[in-house]
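In what follows, a structure is listed as structure tokens, so that the remarks can point back to it.
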Amino acid sequence: MPRAQPIKAARGVRDILPATIPLWRQAEQGAADVARRFGYQEIATPIIEQLELIQRVGEDTDAVAKELYRLDKRGSQELALRPEATAGVVRAYFEGGLNQGPQPSRLYLIGPMFRHDKPQKGRYRQFFQFNVEVIGGASSGFDAEVIELALGWLNEVGVQDLRLELNSIGDGKCRPAYLGRLTEYYRPLKSSLHADSQLRLERNPLRLLDSKVAQDQPFKAGAPKITDYLCDECAAHWAAVRRLLDAAGIEYQHNPYLVRGLDYYTRTVFEFYPGGASGQQDALASGGRYDGLAEAEGWPSTPGVGFAGGLDRVVELIAAKGDQAAVKPAADVLVLPDGDFAVEAAEVARICRSVRSTAVDYEPKSLAAKMRSANKLGVKFVVLLTPEDAARRSARVRDMASGEQTELEWVELPTRLA
RNA sequence: GUGGCUAUAGCUCAGCAGGCAGAGCACCAGAUUGUGGAUCUGGGUGUCGCGGGUUCAAAUCCCGCUAGCCACCCCA
């Protein structure tokens, strides 16, 4: 009989094992702490949404067009796993009546997102994001605030060496004219562009700017920059955001090629990268303003700005720095019955648990073997039970650090172990 | 989605001009006189990722598949 293949994890997803849980806690706690410090409230939305919501807000993105996890249709609704959080948060903002409360709503969310991408380091099919959204606020102050919050989070969790890239992509008033100029510039060069970029020229010229294909690079420098074509309102907003960042002492680089491919994105866009790295899948956080999103979802036009931070990548950075917290033992106390009396051992453990975390070694191994594993577990105390001890409701407590061993009554255990 | 590299014990890996499956660590048992750490002794715990092919003979050569890593694309 051939043995069956063991069933492994699905492709591109991974387990977070006990040893790395502290790192995740650190990243999540840091996120929650900083968000609360800025006056943001936590929100949790479902990881499934109606397909239409997701498609409305991302039709032209790879995340939706190619990488979406669509669920089998059950009943009348078509559903999909969320590839990002903002669409759902904006939906919840209206459905939950947050639009009726004081404006803006400052919200944060921590949770898993799903994209059917090709797995690689720092890129997983289920990955975790820290999302921050300000909904119902149009002022430039909010743009600067979420940038400061993102930076605060990264610093809080120990990521110091960062590069912040910033740009403005205008709005529905000024962007069309700019796109016209951009297309005019690229049209004569079309045959020299990469095939994908030729397609972009027709469908989404803005994306020509963030093409990373080597073939397209020479033409970027001569391309018109959108920040030179902003309308008065967008120009004022752009200047205000930069002024606020300067005043906050936050350094940034203006990257005129930083864009978002979707129409509902407006004005501010930004991305945080780790300082030294030059890789491609290493954006730690990215965000921007999305004044057209609510409307795209069919709700009243409402401004918003926010960012998404990558927990997986931040955790990897923390881990790489190597300042790993000592792995805490699972239990402080281990009860070792020297013989077959699980009932008494369990009762002793119950008593010990009133003061310390306690586990029991029920396996029929030699006492030496049990002591070995007690040592490996790193427990502080071992409570030894011989058959005679069990009969007279006494036990021997051994302090593993000093090797000191004392015999006492079960009722005295809490005092001795406390 | 495209290309390259990789897959042998629990872990890290060696073995590859085809000829009995190995090391270190880990693990298990024992000794050190009743119960751990240090030391010593003994133990291999394996469908060589999966499926086919070539061959007297395949971990080793060929093909396919799957998974991981790296780069591209893209993104957190």
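All heavy atoms count here, side chains included; hydrogens, waters and symmetry mates do not. Order of the sequence lines fixes the chain letters, A, B, ..., with proteins taken first and strands second; residue numbering starts at 1 for each chain.
- Of the C1' atoms belonging to A7(B) and G46(B), the separation is 15 Å, rounded to the nearest Å.
- For the OP1/OP2 pair of A76(B) and a distance below 4.0 Å, the side-chain nitrogens and oxygens of Arg313(A) include no atom meeting the criterion.
- Put simply, Arg11(A) has a side-chain N or O that comes within less than 4.0 Å of OP1 or OP2 on G68(B).
- Identified under the salt bridge (charged side-chain N to carboxylate O under 4.0 Å, His left out) test for residues 132-143 of chain A, with sequence neighbours left out: Asp143(A)-Arg289(A).
- For the C1' atoms, the distance linking A58(B) with C50(B) amounts to 16 Å, nearest Å.
- For Glu42(A), the side chain to side chain contact (heavy atoms under 4.5 Å, CB included) criterion is met by Tyr108(A), not counting sequence neighbours.
- When the P atom is used for both G18(B) and G24(B), the distance is 28 Å, rounded to whole Å.
- When the P atom is compared between A26(B) and U6(B), the two are found 30 Å apart, to the nearest whole Å.
- Comparing C62(B) with G4(B), their P atoms are spaced 15 Å from each other, to the whole Å.
- Straight-line distance between the C1' atoms of A59(B) and C13(B): roughly 14 Å, to the nearest whole Å.
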message: Evaluate Asp171(A) against Thr266(A) for side chain to side chain donor-acceptor pair (under 3.5 Å), listing each step before the verdict.
response: CA-CA 5 Å; Asp171(A) 65 7; Thr266(A) 54; over 6 Å; no

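- Atom CG of Asp228(A) has more than 12 heavy atoms from other residues, nucleotides or ligands within 6.0 Å.
- The C1' atoms of G3(B) and U8(B) are separated by 27 Å, rounded to the nearest whole Å.
- The ring pair (Phe, Tyr, Trp, His ring centres under 6.0 Å) test applied to Phe128(A) returns Trp24(A), not counting sequence neighbours.
- Annotation: of the two residues near RNA chain B, Arg260(A) and Ala10(A), the 5′-most nearest-nucleotide partner is Ala10(A).
- Using atom C1' as the reference point in both G43(B) and U47(B), the two lie 22 Å apart (nearest Å).
- Residue order along RNA chain B, read from the 5' end via each residue's closest nucleotide, puts Pro119(A) first among Pro119(A) and Asp210(A).
- Contact annotation for Leu284(A): backbone-only contact, meaning every heavy-atom pair under 4.0 Å involves sugar-phosphate atoms and none involves a base.
- The salt bridge (charged side-chain N to carboxylate O under 4.0 Å, His left out) test with Arg393(A) singles out one residue from Glu344(A), Glu347(A), Glu388(A), and that residue is Glu347(A).
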- request: Evaluate the criterion ring pair (Phe, Tyr, Trp, His ring centres under 6.0 Å) for residue pair Phe307(A) and Phe130(A); output intermediate values, then yes/no.
  value: CA-CA 8 Å; Phe307(A) 73 86; Phe130(A) 167 40; 5.7 Å; yes

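- Residue-level contact check: Glu84(A) touches neither bases nor backbone, having no heavy atom under 4.0 Å from any strand.
- For the pair Asp117(A) and Arg123(A), the salt-bridge criterion is met [side-chain N within less than 4.0 Å of a carboxylate O].
- Here the side chain of Arg200(A) is nearest to one of A76(B), C74(B), C69(B), namely C74(B).
- Distance Glu165(A) CD to A76(B) C1': 15 Å, rounded to the nearest Å.
- Rounded to whole angstrom, the span from the CD atom of Gln215(A) across to the P atom of C72(B) amounts to 16 Å.
- Side-chain contact annotation: Glu145(A) with Tyr40(A), donor-acceptor N/O pair under 3.5 Å present.
- Applying the side-chain hydrogen bond (donor to acceptor under 3.5 Å, both in side chains) rule to Asn375(A) yields no partners; only residues at least two apart in sequence or on another chain are considered.
- The interatomic distance linking Tyr124(A) (OH) with A67(B) (C1') rounds to 15 Å, in whole Å.
- At a threshold of 4.0 angstrom between heavy atoms, the contacts of Arg82(A) with the nucleic acid are absent.
- As a whole-Å value, the separation of Ile318(A) CD1 from A76(B) P is 19 Å.
- Between the CH2 atom of Trp153(A) and the C1' atom of A76(B) there is a distance of 9 Å, given to the nearest Å.
- Residues meeting the salt bridge (Lys or Arg N to Asp or Glu O under 4.0 Å) test with Arg260(A), sequence neighbours left out: Glu271(A).
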Short heteroatom pairs, N/O only, protein and nucleotides 36-43 of chain B, under 3.5 Å:
unit_1, atom_1, unit_2, atom_2, d
G36(B), O2', Asn375(A), ND2, 3.4
G36(B), N7, Arg398(A), NH2, 2.9
G36(B), O6, Arg398(A), NE, 3.4
G36(B), O6, Arg398(A), NH2, 3.0
G36(B), N1, Met400(A), O, 2.6
G36(B), N2, Asn375(A), OD1, 2.9
G36(B), N2, Met400(A), O, 2.9
G36(B), N3, Asn375(A), OD1, 3.2
G37(B), O4', Asn375(A), ND2, 3.0

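- The salt bridge (charged side-chain N to carboxylate O under 4.0 Å, His left out) pairs that include a residue from residues 399-418 of chain A are Arg392(A)-Glu407(A), where partners are two or more places apart or lie in different chains.
- Atom CG in Leu258(A) sits roughly 11 Å away from atom P in A76(B) (whole-Å rounding).
- Base-pairing analysis of RNA chain B finds the following stems of at least three consecutive Watson-Crick or G-U pairs, with both pairing distances under 3.5 Å: B:1-7 with B:66-72, B:10-13 with B:22-25, B:27-31 with B:39-43, B:49-53 with B:61-65.
- If you check every strand for non-hydrogen atoms under 4.0 Å, Gly12(A) touches sugar and phosphate atoms only.
- Checking each of Glu49(A), Glu297(A), Glu52(A) against Arg91(A) for a salt bridge (charged side-chain N to carboxylate O under 4.0 Å, His left out) leaves exactly one that passes, namely Glu49(A).
- Following rounding to the nearest Å, Lys121(A) (NZ) and C69(B) (P) show an atom-to-atom distance of 7 Å.
- Other residues, nucleotides and ligands place more than 12 heavy atoms under 6.0 Å from the CZ atom of Arg14(A).
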Check nucleotides 1-10 of chain B against the protein and report each pair of N or O atoms closer than 3.5 Å, with its distance, or say if there are none.
unit_1, atom_1, unit_2, atom_2, d
U2(B), O4, Lys118(A), NZ, 3.1

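- Within a heavy-atom distance below 4.0 Å of RNA chain B, the residues of residues 125-132 of chain A found are Phe127(A), Gln129(A).
- Between Glu133(A) atom CD and A76(B) atom P there is a gap of 12 Å when expressed in whole angstrom units.
- By the salt bridge (Lys or Arg N to Asp or Glu O under 4.0 Å) test, Glu165(A) pairs with Arg163(A), sequence neighbours left out.
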Check residues 188-195 of chain A and write down every donor-acceptor pair under 3.5 Å in which the side-chain atom is one partner and the other belongs to a residue at least two apart or another chain.
unit_1, atom_1, unit_2, atom_2, d
Lys190(A), NZ, Glu202(A), OE2, 3.0
His194(A), ND1, Asp196(A), N, 3.2

